[in-house]
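Since the structure comes first, as structure tokens, the remarks are kept for the end.
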Amino acid sequence: MPAIEARRLRKTYKTTRGVFRREKVERVALRGVDLAIEPGELFGVLGPNGAGKTTMTKIFTTLLLPTSGAATVLGLDAVHDQWALRRRIGFVFGGDRGLYWRLSGLDNLRYFADLYRIPPEVTRKRIPALLERLGLAGRERDRVELYSRGMKQRLHLARGLLNDPEVLFLDEPTIGLDPVGARELRVIVRELADAGKTVFLTTHYMFEADAICDRIAVIKGGEIVAEGTPSSIKKVVQDQGVVEFEVVGMPAERVAGLRGLQGVKSVAVVDHELAQVVTIHCSSPADVMTQLGLVLDGMSLEKVSSREPTLEDAYVQLIGESS
Amino acid sequence: MSLIRAGWRAFVITIRMRVISTWSYLSWLVFPMLFTIVGLYVLSSGGASSSRLVYGVLGGGLIGYWSVAYLDAGNSIQDERWSGTLEQIFATPTPIWVILFGKVCAGLVFGLVSFLPNAALAYFGFHAVLPALDPWKFVISLGVLTLSFFCIALTLAPLFALWRWAFSMLNGFELGVYILCGFMFPIAALASWAQGVAGVLAPTWAVRALYASTVMQGPHDFTLWWLAAIGLSVVYLAGAYFLYGLVEREARVSGELALA
Ligand SMILES: Nc1ncnc2c1ncn2[C@@H]1O[C@H](COP(=O)(O)OP(=O)(O)O)[C@@H](O)[C@H]1O
Ligand SMILES: [Mg+2]
């Protein structure tokens, strides 16, 4: 039995816009997601902002009801078995909200331990152990507002681990952390998975998913567009090469010209100071290199290079990001 | 058992958050004190009839008590929404009504504290002015009034949680209760339709008994008034049962708990 499972999961938000003439707006956040995550896996959901990561996390953690489809965690229905499920899962949302800043870290943990209905004799041992484990020991009596950003995030994680959950949901846990704090957190998350917990992690950092996840699903516009191990996702671009160069001023018709070349899969143009960096994914870099001069006649190209694709290239191609 | 502990802890935490928040002293200490001072001023100006005196002194205190008891839980829910903890506490295995129960109790405690100067005045100071004050009936009436405040606050608290805009609407209700329930003057002074509305509000009956316990002129039917207030409060709780079910469902459809 998978630890986490979604079948044709859909979520449509109904909101209203405007104050006087209220106009109904429907926003589809998930359009039929299928997932099966095995016990003990560290599973990453990778996607840009607005892709539906938070929505998916909230459905699994019983905070939201899906519009249709099924979501189960540990064999429990996230819609109807919420009371049994909440005792057995933990969740941490990124960002530094969600803590009582004016109370101490210890008071925060004690309060949530009681809300999680953990017996006091268990709490007495577990809280010091978590503080130790997450490097907060010694600071637990300070008010949270005095904590660094990284400490707040570790306190969040301690809160998420209070009930010793079998499954842990982390929604962009490293957002807003400095690189060192983010790496520390990733190490802890990886250790948790190695110790047997099932971890569901969302991120919009491709390298983060690559660094710690056993498997990844790439989500875009509420749909899963690729799923597998990091290396299997790289295969999306395996039989391709990448040609890159810099140019000043890249008219749209020239981009269209590049797209029309034989074997070209995608062309991305990104502004870089005054110039543009053009990235071309194609089946045969050598052919594209020889034809560049024809399509971009009269323009001066700099730093022309061809290279092997990386996971980032796979991600960019899957997400279709271009600006 | 673990639910009782969770509710108790919600109560303690709400109290602590209030005690460390300097702004909130305004609402539960300073304003009620000002009301009391105004009441004292009315009292000392002399020449007023004893029933006018009672309204002068207790009325201000009652307004303070009601406004704190009723709005404190709502304010605290609003604070939790800003700090992002509303969603966190909602997702725990403790039903939200247990947490709000603790919060509403905390509001009652602050409300009672802010009412104490007035109650003390009624007991000790008034005894000379109002020899008819019946301490037992006064205390029971205050207890019944507290129950009615509790039931109203607990019933409406889920609406604060669910809809941000409920906040301003429910603020209006606070004012309506001052006027309709006879905190400042007997409701006989109101239009007859307003008296009808007042009749279904539990505090009306409790306040009536409270004032009656301080003056002699009757006829008074304390038992009937107390029972009316208690009965109406129980009816509100039945409504609360429905509203909490609604919040548990509706919050999970809209995702509104998360928005700042
Ligand atoms: N409470 C809400 N009401 C209406 N629309 C929402 C709500 N929450 C999210 N959305 C919309 O749903 C889509 C998915 O959002 P979200 O799940 O937050 O994505 P992500 O976490 O990947 O950034 C977005 O288009 C977002 O605007
Ligand atoms: Mg998100």
Side-chain angles (χ1 to χ4, degrees), chain A residues 11-16 19 27 29 54-55 57-67 78-79 82-104 107-108 110-120 123 143-145 156 159-160 162-163 169, chain B residues 1-24 76 79-103 161 163-165 168 245 247-260:
Chain A
K11 176 71 187 179
T12 308
Y13 290 104
K14 291 188 179 62
T15 52
T16 45
V19 181
R27 196 171 282 136
T54 299
T55 302
T57 315
K58 286 187 178 174
I59 290 174
F60 285 130
T61 53
T62 77
L63 273 164
L64 275 179
L65 297 177
T67 309
V79 174
Q82 77 267 37
W83 300 112
L85 185 52
R86 286 174 186 179
R87 284 172 177 260
R88 294 174 63 189
I89 59 174
F91 69 89
V92 176
F93 293 156
D96 50 9
R97 299 171 80 246
L99 293 166
Y100 298 96
W101 283 35
R102 300 167 139 264
L103 299 178
S104 70
D107 284 332
N108 271 275
R110 282 189 181 147
Y111 183 35
F112 278 100
D114 283 335
L115 294 186
Y116 271 90
R117 303 169 68 180
I118 302 164
T123 307
R143 278 190 293 171
V144 171
E145 58 194 349
H156 259 309
R159 187 193 50 70
L162 275 172
N163 57 338
F169 292 88
Chain B
M1 188 55 215
S2 63
L3 276 186
I4 296 173
R5 197 169 42 242
W8 167 251
R9 186 65 82 152
F11 169 79
V12 172
I13 289 282
T14 309
I15 297 254
R16 287 191 48 191
M17 300 289 277
R18 279 288 168 264
V19 170
I20 56 182
S21 154
T22 26
W23 280 112
S24 73
S76 142
D79 288 350
E80 301 240 12
R81 192 192 303 281
W82 294 126
S83 66
T85 46
L86 185 59
E87 192 170 44
Q88 309 264 14
I89 60 179
F90 184 85
T92 67
T94 299
I96 196 75
W97 73 262
V98 174
I99 298 171
L100 295 186
F101 191 100
K103 282 188 185 299
W163 295 303
R164 277 167 297 159
W165 52 261
S168 41
V247 167
E248 291 281 357
R249 261 190 326 277
E250 213 36 49
R252 294 172 74 197
V253 172
S254 64
E256 279 269 330
L257 296 180
L259 301 184

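From a predicted model like this one, the values you see are computed outputs, not experimental measurements. Within every chain, numbering begins at 1; the chains are lettered A, B, ... in the order of the sequence lines, protein sequences first and strands thereafter.
- Neither the backbone nor the side chain of Pro66(A) comes within less than 4.5 Å of any heavy atom in chain B.
- With Arg102(A) contributing its side chain and Met17(B) its backbone, the two residues share no donor-acceptor pair below 3.5 Å.
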* **Verdict with supporting geometry, His156(A) and Gln88(B), side chain to side chain contact (heavy atoms under 4.5 Å, CB included)** => CA-CA 11 Å; His156(A) 259 309; Gln88(B) 309 264 14; 3.7 Å; yes
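- To the nearest 0.5 Å, atoms NZ (Lys58(A)) and CD (Glu87(B)) are separated by 3.5 Å.
- If you measure heavy-atom distances from Ile118(A) to chain B, the contacts under 4.5 Å come from the backbone alone.
- Among the candidates Tyr13(A), Phe112(A), Tyr111(A), the residue making the largest number of heavy-atom pairs closer than 4.5 Å to chain B is Tyr111(A).
- Interface residue Lys11(A): only side-chain heavy atoms are found under 4.5 Å from chain B.
- Neither the backbone nor the side chain of Ile59(A) comes within less than 4.5 Å of any heavy atom of chain B.
- At least one donor-acceptor pair closer than 3.5 Å links the side chain of Arg252(B) to the backbone N or O of Val79(A).
- If you measure heavy-atom distances from Tyr100(A) to chain B, the contacts under 4.5 Å come from both the backbone and the side chain.
- Taken from OG in Ser2(B) to CG in Leu115(A), the straight-line distance is 10.5 Å, to the nearest 0.5 Å.
- Heavy atoms closer than 4.5 Å to chain A are found in both the backbone and the side chain of Ser83(B).
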* **Test log, rule side chain to side chain contact (heavy atoms under 4.5 Å, CB included), inputs Arg117(A) and Thr94(B)** => CA-CA 7 Å; Arg117(A) 303 169 68 180; Thr94(B) 299; 3.6 Å; yes
